[in-house]
Amino acid sequence: QVQLVESGGGLVQAGDSLRLSCVISGRPGANNFMAWFRQAPESDREFVAAMYRPGGVTNYADAVKGRFSLTLDRTKSTMYLQMNGLKSEDTAEYHCAATSHYTPNYQSPDEYQYWGQGTSVTVSS
């Protein structure tokens with residue numbers, strides 16, 4: 001079993017920065033592919049960023065490319081999402097997710113087996 005716990009959300013102004021954390025625990029190898037998704041009210045869950053842990057390769061949604069950065073601290077078993085230049089459209093509940101297998105469909109939430117409870121980000125304009 002894998003457990004994911006997010007933190008770091010909050011209320012900020014447009015242009016500010018936040019760093020979200022996702023602490024990972026559980027079966028080694030079960031979280032080879034990790035991602036952040038977000039969901040705004042009355043919207044579908046949206047892909048934000050993903051990392052394939054064995055190679056450290058990262059991918060980002062076009063909407064956040066150049067503003068958000070995904071890193072992994074293996075010593076702390078924690079994945080971070082650094083969010084800079086926040087915009088009102090970034091307002092959402094942010095969830096980290098994990099799956100054991102590589103998938104080319106990493107932008108689909110259906111590919112992930114494990115999910116955290118989410119952390120809320122609100123950006124005021």
Side-chain angles (χ1 to χ4, degrees):
Q1 191 68 13
V2 174
Q3 290 187 322
L4 308 173
V5 180
E6 305 99 328
S7 63
L11 172 63
V12 297
Q13 294 187 336
D16 286 351
S17 297
L18 275 177
R19 188 177 74 163
L20 305 185
S21 301
C22 175
V23 179
I24 311 140
S25 62
R27 181 167 56 90
N31 55 337
N32 280 332
F33 218 113
M34 301 195 63
W36 286 94
F37 286 80
R38 65 187 182 187
Q39 188 166 19
E42 300 181 10
S43 297
D44 293 332
R45 193 160 289 190
E46 176 189 27
F47 169 76
V48 176
M51 173 184 287
Y52 183 53
R53 290 189 66 179
V57 177
T58 55
N59 290 280
Y60 300 91
D62 288 343
V64 306
K65 203 171 292 184
R67 299 188 297 124
F68 290 13
S69 178
L70 193 58
T71 57
L72 177 66
D73 186 334
R74 298 179 188 272
T75 64
K76 297 180 179 179
S77 297
T78 301
M79 179 175 66
Y80 299 101
L81 182 68
Q82 178 68 41
M83 306 187 296
N84 299 325
L86 283 163
K87 305 175 181 180
S88 58
E89 52 263 44
D90 294 320
T91 294
E93 187 86 359
Y94 284 72
H95 297 264
C96 65
T99 184
S100 59
H101 59 277
Y102 173 82
T103 172
N105 299 318
Y106 57 84
Q107 297 192 28
S108 171
D110 295 338
E111 295 293 314
Y112 296 85
Q113 301 165 272
Y114 308 106
W115 290 86
Q117 82 289 349
T119 185
S120 180
V121 173
T122 302
V123 184
S124 64
S125 57

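- Smallest separation of non-hydrogen atoms from Ser125 and Ala14: CA-CB, 4.2 Å.
- Aromatic pair Tyr112/Phe37: ring centres closer than 6.0 Å.
- Cluster membership for Leu81 and Tyr114, using ILVMFWY side-chain heavy atoms within less than 4.5 angstrom, is shared.
- Within the 4.5 Å cutoff, the side chain of Val64 has heavy atoms near those of the Arg38 side chain.
- Using a 4.5 Å heavy-atom threshold, the side chains of Leu70 and Val48 count as separate.
- When the side chains of ILVMFWY residues are joined at heavy-atom separations under 4.5 Å, either directly or via intervening members, Leu20 and Leu4 end up in a single hydrophobic cluster.
- Looking at every heavy atom in both residues, Gly118 comes nearest to Glu93 through C-OE2, 3.5 Å.
- No side-chain N or O of Thr99 forms a donor-acceptor pair with one of Glu111 less than 3.5 Å apart.
- Inspection of the Ser17 and Asn84 side chains reveals an N or O donor paired with an N or O acceptor under 3.5 Å.
- Linking ILVMFWY residues whenever their side-chain heavy atoms come closer than 4.5 Å, directly or via other members, leaves Phe47 and Tyr94 in distinct clusters.
- With hydrogens and angles left out, the side-chain atoms of Gln107 and Asn105 include no donor and acceptor closer than 3.5 Å.
- Taking 4.5 Å as the limit, some side-chain heavy atom of Met51 sits within range of a side-chain heavy atom of Leu72.
- Using a cut-off of 4.0 Å between Lys/Arg side-chain N and Asp/Glu carboxylate O, Lys65 and Asp62 are scored as salt-bridged.
- In this structure, a donor-acceptor pair under 3.5 Å is present between the side chains of Gln113 and Ser100.
- Residue Gln3 places its CD atom among 12 or fewer non-hydrogen atoms of other residues, nucleotides or ligands, all under 6.0 Å distant.
- Contact check for Leu18 versus Val121: side-chain heavy atoms found under the 4.5 Å cut-off.
- Taking hydrophobic clusters as Ile, Leu, Val, Met, Phe, Trp and Tyr residues chained together by side-chain heavy-atom distances below 4.5 Å, Phe68 does not share a cluster with Tyr80.
- Residues Arg67 and Asp90 have side chains in contact (heavy-atom distance under 4.5 Å, counting atoms from C-beta outward).
- Using a 4.5 Å cut-off on side-chain heavy atoms (C-beta onward), Gln39 and Glu46 make no contact.
- A heavy-atom distance below 4.5 Å is found between the side chains of Glu6 and His95.
- Ring geometry for Tyr52 versus Tyr102: interplanar angle over 60°, hence perpendicular rather than tilted (30 to 60°).
- Atom CD of Gln13 has 12 or fewer heavy atoms from other residues, nucleotides or ligands within 6.0 Å.
- For the pair Ser7/Val5, no side-chain contact is recorded, criterion being any heavy-atom separation below 4.5 Å from C-beta on.
- Hydrophobic clustering places Met79 together with Tyr60 (ILVMFWY residues linked when any side-chain heavy atoms are closer than 4.5 Å, directly or through intermediates).
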